[in-house]
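First comes the structure, then the notes that go with it.
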Amino acid sequence: MSSSPAPQPAQARSDASGPLLRLVSAALQLWLRQQCERLDSLEIQLQGTAAALLRGRLAAVRVQARGVHYQNLQLELVELTSGPLRLQMGSLWRGRGVQLQEPFEVRGLVSFTAAGLNHSLAQPRWRGLADQLAEELLGITPLVSLRTVDNRLVLAAQGVGEARPVEVDATIEAGPAGLELVTADGSLRSLLPMDSNLRVKRATIEAGMLVLDGEATVTP
């Protein structure tokens, strides 16, 4: 029996050039990793000049990360571009890492596999959301599994003492009120609670993954 290859250490890559940009890039990589429980891979690209950085200004940061665990959510892929950033360069010179001076905007997409969604919804932090989906779309709890089929989600719940799970097909929609799961016949809906700083513009199932496209305000 052949053994599986040992996991490789996560790699980070930056496209920034110049010693000052490389220093800031390394500090931002460290800051991003500190925000997450896990990051398998990270690529970061800075947009700006050394002269602007000396004044604590950066035009934008582009990030691509895979295997991200953030606030007990398991994300397959994250692709984000920030708006302008203001940095406290003094703290960086003193070896205290990067410190962001004020909130900034990010836009882009995140993707979840079905396995990642199941793992996330099983966590205590998100168990209430899983039960809400099961109750509002299936009429029973708990939610026992979720999978993707074509362009829809299939949710399964199994009540206590029930011999087998009950399933329902649902689509996911992004609207002014937030994300909403809607059963295939349109008769039942479940609105997902959203952080007011997060605005999802598009939600689709692509290549077996749930893809959310939008923007957010990040407060350091």
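Since we're looking at a predicted model, the values are computed, not measured. For this chain, numbers begin at 1 and follow the sequence in order.
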Please list, chain by chain and in numerical order, all residues satisfying side chain to side chain contact (heavy atoms under 4.5 Å, CB included) with [X], sequence neighbours excluded.
X	result
Q71	R125
I205	T148, L153, L210
D195	N197, L198

Once you round to the nearest 0.5 Å, how far does [atom1] of [X] lie from [atom2] of [Y]?
X	Y	atom1	atom2	value
T183	L188	OG1	CG	4.5 Å
L20	R22	CG	CZ	10.0 Å
M209	E76	CE	CD	6.0 Å
L121	W126	CG	CH2	9.0 Å
E135	T141	CD	OG1	6.0 Å
R86	Q101	CZ	CD	4.5 Å

Test item: [X] and [Y] side chains (from C-beta on) under 4.5 Å apart, heavy atoms:
X	Y	answer
V218	P103	no
E167	R147	yes
V110	L73	no
V63	L28	no

Heavy atoms only: give me the nearest [X]-[Y] pair and the separation to one decimal.
X	Y	result
Q158	E162	NE2-O, 3.0 Å
P165	A156	CB-CB, 4.2 Å
A122	R127	CA-NH1, 4.0 Å
S25	I44	OG-CG2, 3.5 Å
L129	P193	CD1-CD, 4.0 Å
A203	L179	CB-CD2, 3.7 Å

What's the verdict on side-chain contact (heavy atoms from CB on, under 4.5 Å) for D40 and R38, showing C-alpha distance, side-chain angles and the deciding distance?
CA-CA 7 Å; D40 288 348; R38 174 176 168 178; 2.7 Å; yes

ILVMFWY network linking [X] to [Y], side-chain heavy atoms under 4.5 angstrom:
X	Y	answer
V154	L181	no
Y70	L100	yes
L133	M194	yes
L58	M89	yes
L46	L30	no

Judged by atom type as modelled, is there a donor-acceptor pair below 3.5 Å linking the side chain of [X] to the main-chain atoms of [Y]?
X	Y	answer
Q132	L191	yes
S82	V61	yes
Q29	R33	no

Worked verdict on L212 versus R202 for side-chain contact (heavy atoms from CB on, under 4.5 Å):
CA-CA 6 Å; L212 305 180; R202 183 176 65 96; over 6 Å; no

Side-chain ion pair, E79 and R66, N-O less than 4.0 Å:
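A salt bridge is absent here (no side-chain N lies under 4.0 Å from a carboxylate O).
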
Check ion pair D169-R152 (N to O, under 4.0 angstrom)
yes

Step by step, would you call Q64 with L77 a side-chain contact (heavy atoms from CB on, under 4.5 Å)?
CA-CA 7 Å; Q64 183 180 92; L77 174 66; 3.9 Å; yes

Verify whether one side chain among E105 and T217 offers a donor that lies under 3.5 Å from an acceptor in the other.
yes

In this structure, are over 12 heavy atoms from other groups packed under 6.0 Å from R199 atom CZ?
yes

side-chain contact (heavy atoms from CB on, under 4.5 Å) for T204 and N151? Distances and angles first, verdict last.
CA-CA 7 Å; T204 60; N151 64 342; over 6 Å; no

Enumerate, atom names and distances included, each donor-acceptor pair closer than 3.5 Å involving a side-chain atom of residues 112-120, sequence neighbours excluded.
{"from": "T113", "atom 1": "OG1", "to": "G116", "atom 2": "N", "distance (Å)": "2.9"}
{"from": "N118", "atom 1": "OD1", "to": "L146", "atom 2": "N", "distance (Å)": "2.9"}
{"from": "N118", "atom 1": "ND2", "to": "A114", "atom 2": "O", "distance (Å)": "2.9"}
{"from": "N118", "atom 1": "ND2", "to": "L146", "atom 2": "O", "distance (Å)": "2.6"}
{"from": "H119", "atom 1": "ND1", "to": "Q74", "atom 2": "OE1", "distance (Å)": "3.1"}
{"from": "S120", "atom 1": "OG", "to": "Q74", "atom 2": "N", "distance (Å)": "2.8"}
{"from": "S120", "atom 1": "OG", "to": "G116", "atom 2": "O", "distance (Å)": "2.8"}

side-chain hydrogen bond (donor to acceptor under 3.5 Å, both in side chains) filter on E180, not counting sequence neighbours, yields R189

Sequence neighbours left out, what pairs pass ring pair (Phe, Tyr, Trp, His ring centres under 6.0 Å) with at least one residue falling in residues 188-220?
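Qualifying pairs: none.
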
